Amino acid sequence: MKHPIRLAVRGIILNENRLLLVNAYPSRGDLWCAPGGGAELHQSLPDNLAREIFEETGLTVSVGAPCLTNEFHAPNGTFHQVEIFFRCILESGQIDDTWQDPENVVSMRRWVTRQECEALQIRPKSLAAVAWGDPEAPSYDPLEPIIP
């Protein structure tokens, strides 16, 4: 039985030199990622991303150019996801701890400095380098094992 590869979109949003992160899994409060989620049929990737960011954070963004393609998988399982990261600009809204993600996946969101990123468990591992435009930042981050 074949299992399809899941396509997801994520947004890199810097505001006042801080990166927006959300909790990746409700049961793993220590794992952080850029906001976004699975792409839905018949919507462009930027439209999917703007919707996902609003659902997870209550923020409205404009979606810019793609800047990273990342893959991660369960080496001994059936999960494999390809994520396309886009640079985004915050247009309106602010982080509100009472905001409710309709899918109940994201329950925490925060703006972090580059220095604060170093102390957090973030996926993909290249996220900070890409967000701040490091010269050695990849545009393709190859297959990374999912955290159990």
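Computation of the quantities below employed the complete heavy-atom set of this structure, encompassing side-chain atoms and omitting hydrogens, waters and symmetry-equivalent molecules. Counting from 1, the numbers follow the sequence of the chain as shown. Note that this is a predicted model, so its numbers are computed, not measured.
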| message | With side-chain contact (heavy atoms from CB on, under 4.5 Å) as the criterion, how do Asp141 and Thr69 come out once you've worked through the C-alpha distance, each side chain's angles and the decisive distance to 0.1 Å? | response | CA-CA 6 Å; Asp141 197 351; Thr69 301; over 6 Å; no
| Is there a donor-acceptor contact under 3.5 Å from the side chain of Ser126 to the main chain of Ala129? | no
| request: Classify the side-chain pair His80/Glu71 by whether it contains a donor and acceptor separated by less than 3.5 Å. | output: yes
| said: If hydrophobic clusters are built from ILVMFWY residues whose side chains come within less than 4.5 Å, do Leu90 and Leu14 share one? | reply: no
| field | Shortest non-hydrogen contact between Gln81 and Ala8, atoms and distance | value | NE2-CB, 3.5 Å
| field | Glu40 and Asn48: side chain donor to acceptor below 3.5 Å | value | no
| said: Just so I know, are the side chains of Trp111 and Asn15 near enough to count as touching, which here means a heavy-atom distance under 4.5 Å? | reply: yes
| query | Tell me, which pairs form a salt bridge (charged side-chain N to carboxylate O under 4.0 Å, His left out) where one or both residues lie in residues 83-108, sequence neighbours left out? | reply | Arg10-Glu83
| task | Using modelled atom types only, decide if a donor and an acceptor are shared between the side chain of Asn23 and the backbone of Trp32 within a distance under 3.5 Å. | result | no
| Where Val9 and Phe86 come nearest, the two heavy atoms and their spacing | CG1-CE1, 4.0 Å
| message | Applying salt bridge (charged side-chain N to carboxylate O under 4.0 Å, His left out) as the test, list every pair that has at least one member in residues 112-126; sequence neighbours left out. | response | Arg18-Glu116, Arg114-Asp134, Arg123-Glu144
| Ala74 to Ile146 - nearest heavy-atom pair and separation | CA-CG2, 3.6 Å
| query | Is any side-chain heavy atom of Leu59 closer than 4.5 Å to a side-chain heavy atom of Phe54? | reply | no
| What are the two closest heavy atoms between Pro138 and Val130, and how far apart are they? | O-CG2, 3.5 Å
| task | Kindly indicate whether the side chain of Ile89, heavy atoms from C-beta on, has any atom under 4.5 Å from the side chain of Val61. | result | no
